[in-house]
**Student:** 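Below: one structure in structure tokens.
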Amino acid sequence: MELEGQYDAKKIEDKIYKLWEDSGFFNPDKLPITYNLKPKTFTILMPPANANGNLHAGHALVITIEDIMTRYKRMQGFKTLWLPGLDHAGFETQVVYEKKLEKEGKSRFKMAPEELYKEILQFTLENKKNIEGQIKKLGASCDWSREKFTLDEDIVKTVYETFEKLKKDDLVYRGRKIINWCVKHQTSLSDLETLDVEQTDKLYYLKYGPFVITTARPETKFGDKYVVMHPKDKRYAKYQDGQKISLEWINGPIEATVIKNEAIDMEFGTGVMTITPWHDAVDFGIAEKHKLDKEQVIDFYGKLLPIAGEFAGMKIAEARAKIIERLQSKGLVEKVEENYKHVVKTCYKCNSLIEPQIKEQWFLKMKPLAVPAIKAIESGKIKFIPAHYKKIILHWLKNILDWPLSRQIVWGIPIPASAEATAGKPGEIETFDTWFSSGQWPFATLRTTGKDDFKTFYPTDVMETAGEIIFFWVARMIMLGIYATGKIPFKTVYLHGLVLDAKGQKMSKSKGNVINPLEITDKYGTDALRMGLIMGNTPGQSLALDENKIKGYRNFANKMWNASKFVLMNTTDYKPAKTVKLSATQKKYIKELTALKKEITKLMDEFKFYYAAEKIYHYFWHTFCDKIIEEAKPALAQGSGESRQATQYMLLEILTESLKILHPFMPFITEEIWHHFDSQRSLGAGKKSLLMVELWNTIA
RNA sequence: GGACGCUUAGCUCAGUGGUAGAGCAGGAUGUUUACACCAUCAAGGUCGGGGGUUCGAAUCCCUCAGCGUCCACCA
């Protein structure tokens, strides 16, 4: 087939992907023999995408960056493994599915757990298949024979083994502590799964016996029977710790106890507060320290319990005003501050207010796990790109709190039932936080893909993922990886930023500015999308994705197509000669390209793909096409046999090298063009081969 | 309340001690062995403000301002 017309990505992409896949070279064990010259490995694990929808622009970026790394290293002769995977994504997927149910007028709370699980499983498996196809569309040269899913039997087994080991080492415990409770989703959430939202409320100053206390949440105050002040607060020196005081409260007379505690801020309000240990983390801490009673006031559905007397059964929002009315009628309201700004926690998925609740759950002790992780990072054994993430992750690790592992949802890996966990609570569902399984991804995958994979590929080389999930995922992989294997899970962490719309706005369905990468691919070709995603994209920085920009790279692809067409047209009669008489200028051009390649190689090794891409783009268009090809035209037209041949040699040499350098970035078009030069390619192996496994540096 | 990042051409961003760079957009002209998804040419910035170090700073230090992000148990 001839190179003709304009470049049409649609005509070739699927065909080329199939060619790669059929070659078997995605699998490091099946790489051509030349690769044995360098048995060094290079390993990346694909961050398992959530199997609950379509790939978005962020995924496309992941695939692009990782495929660039993978193809580059593979071409350098490394035994390269890029291991693909998908995540069942526990809570995330359950939320997506619940929304779907809602639209259909159904509710998960009316479904039997087994039935719900079965439905979500089917939904997830469908999405999984769909996403796999989309990953292929983006050109990912990953080893599908090693693909893993977080619900694979052997992965689950590994997760259980880790859990048992943690239990044995006394790092996992069952605790009754304050957790973040999402009333809508009926599950607990980790701190990372909540958002801090500033809100303006009323701040009430209430008379509490001889004191005035402040609260923004009067509805929680029914059971408050401890009044707390700072031990050094002179205003309250006359009150003794443990002193009983009788006073009139919302529903009648009570006896309160004075508690002295340093956690109190003397500057805030009156310097006195009452505590609600069941529904506030600070209060819980004070109650634990002084061994005080804790009483539940609000149930798990956000309704007041019988302790609220006649208010029992009311929802919080409804009850608040009525309670204030009652307090006012009793003369217990001193004053009301109208515009009180404070921060409340919300569920990161549904934005509803988090109700802190005491709930018995599994917790993981993090401090002992964090210590070796901190050491590994501080010593430089794990490097971060960009470097400032080192500070960010260290700060988090050094202040880490225990991790609540249980979720009260069906969709996930069930926590193995044990007598202590299920005592008195038959049928309560408990599954792992999805990050507990993905946190074990590096060793869970490589230990179960057979052969000597763990030995060969662990620790992996690069963990490339979104900066957003550094705590959720990266930190946990480091901790759990070191814990379970004694070795760090990866040497370099490359963190990319968000993909934003053309105006630099965060993409969201409600704003209607979501760019679907598959549509872009359809319109401009995958290579153009990939260039659009990598050019100007520095690690950690967010990227504005402009369709115009992608169009520009589609044009570039066409430029490559046409330049190649030109070279092909003019070299069909090329006969490789033993010696070629290059002119001084031609020698200079080849030298320049060699120098450029060296420069680009260095940039690639430094993970500066944005820069490497720009260099080769600029070179190809403005040096090769605009200068070298233009200047070559006369020699091709009227040059003697010798000068024509030298020119042909030079053009082929430069085109071949350029295609190689461009391949990691634009794999489809480069591979396609490569095959049109089979007969001319005396420079290569002289037989039909894939550009994908051409060596970056030709072996001398 | 802490921490981190950003501020360079109209837009998106590189450059991190030695005479300001790219892509996109915009302007003029043009068609010659590929390409109008093209070529040629021109235009465009006192590198957020101020101060300091240096022979020399966009680049290092201090300070101010604006924007953004993350972390944090102020009732």
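Values in this document were obtained by computation on a predicted structure and should not be read as measured data. Here is how names work: the chains are called A, B, and so on, in the same order as the sequence lines, proteins then strands, and each is numbered from 1.
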**Student:** Please determine if a side-chain N or O atom of A:W621 lies less than 4.0 Å away from the OP1 or OP2 oxygen of B:rA39.
**Tutor:**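 True: A:W621 side-chain N/O within range (under 4.0 Å) of B:rA39 OP1/OP2.
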**Student:** May I ask you to verify if any side-chain N or O of A:N570 is less than 4.0 angstrom from the OP1 or OP2 atom of B:rA34?
**Tutor:**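 False: A:N570 side-chain N/O out of range (4.0 Å or more) of B:rA34 OP1/OP2.
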**Student:** Between B:rU12, B:rA22, B:rA75, which nucleotide gets closest to the side-chain atoms of A:T214?
**Tutor:**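 Selected nucleotide: B:rA75.
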**Student:** Is any side-chain nitrogen or oxygen of A:Y610 closer than 4.0 Å to OP1 or OP2 of B:rG15?
**Tutor:**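 The answer is yes; a side-chain N or O of A:Y610 sits under 4.0 Å from OP1 or OP2.
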**Student:** Quick one: look up who B:rU29 pairs with, Watson-Crick or G-U, both distances under 3.5 Å, and put none if it's unpaired.
**Tutor:**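 Pair assignment: B:rU29 / B:rA39.
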**Student:** Regarding B:rA39, can its base be found pairing with the side chain of A:K559 as donor and acceptor, where the two atoms are less than 3.5 Å apart?
**Tutor:**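 Not at all, since no donor on one side and acceptor on the other fall under 3.5 Å apart.
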**Student:** Taking OP1 and OP2 of B:rC71, is either one under 4.0 Å from a side-chain nitrogen or oxygen of A:Y389?
**Tutor:**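 No, because none of the side-chain N or O atoms of A:Y389 sits under 4.0 Å from OP1 or OP2 of B:rC71.
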**Student:** State the pairing partner of B:rG56; accept Watson-Crick or G-U wobble contacts with both distances under 3.5 Å, and report none otherwise.
**Tutor:**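 Looking at the geometry, B:rG56 pairs with no nucleotide.
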**Student:** Does the side chain of A:T538 get closer than 4.0 angstrom to OP1 or OP2 of B:rA14 through an N or O atom?
**Tutor:**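 So the side chain of A:T538 is within the cut-off, an N or O lying under 4.0 Å from OP1 or OP2 of B:rA14.
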**Student:** Taking the six-membered ring of A:Y553 as reference, does the cationic atom of A:K549 (NZ for Lys, CZ for Arg) lie under 6.0 Å from its centre and within 45° of its axis?
**Tutor:**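 Output no; distance or angle outside limits.
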**Student:** Taking atom types as they are modelled, would you say the side chain of A:E630 forms a donor-acceptor pair with the base of B:rA34 within the 3.5 Å cutoff?
**Tutor:**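 Flag set: donor-acceptor pair detected.
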**Student:** Tell me which nucleotide, if any, is Watson-Crick or G-U wobble paired with B:rU16 when both distances must be under 3.5 Å.
**Tutor:**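 Pair assignment: B:rU16 / none.
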**Student:** Hey, is the side chain of A:Y340 poking within less than 4.0 Å of OP1 or OP2 on B:rC74, counting only N and O atoms?
**Tutor:**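 A:Y340 to B:rC74 OP1/OP2: no side-chain N or O under 4.0 Å.
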**Student:** Using whole Å, report how far CG of A:D8 lies from C1' of B:rC37.
**Tutor:**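 Result: 12 Å.
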**Student:** Please determine whether any donor N or O and acceptor N or O are separated by less than 3.5 Å between the side chain of A:D546 and the base of B:rU12.
**Tutor:**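 No.
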**Student:** Cation-pi between A:K633 and A:F566: NZ/CZ under 6.0 Å from ring centre and within 45° of the ring axis?
**Tutor:**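 Geometry flag: set, cation within 6.0 Å and 45°.
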**Student:** Look at A:H388 and B:rC6 and indicate whether a side-chain polar atom (N or O) is within less than 4.0 Å of OP1 or OP2.
**Tutor:**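 Looking at the OP1 and OP2 atoms of B:rC6, neither is under 4.0 Å from any side-chain N or O of A:H388.
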**Student:** Starting at NZ of A:K391 and ending at P of B:rU69, how long is that distance when rounded to a whole Å?
**Tutor:**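 From A:K391 NZ to B:rU69 P: 20 Å.
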**Student:** Report the residue (A:A632 or A:D191) whose heavy-atom-nearest nucleotide on RNA chain B is the more 5′ of the two.
**Tutor:**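 Between the two, 5'-proximity favours A:A632.
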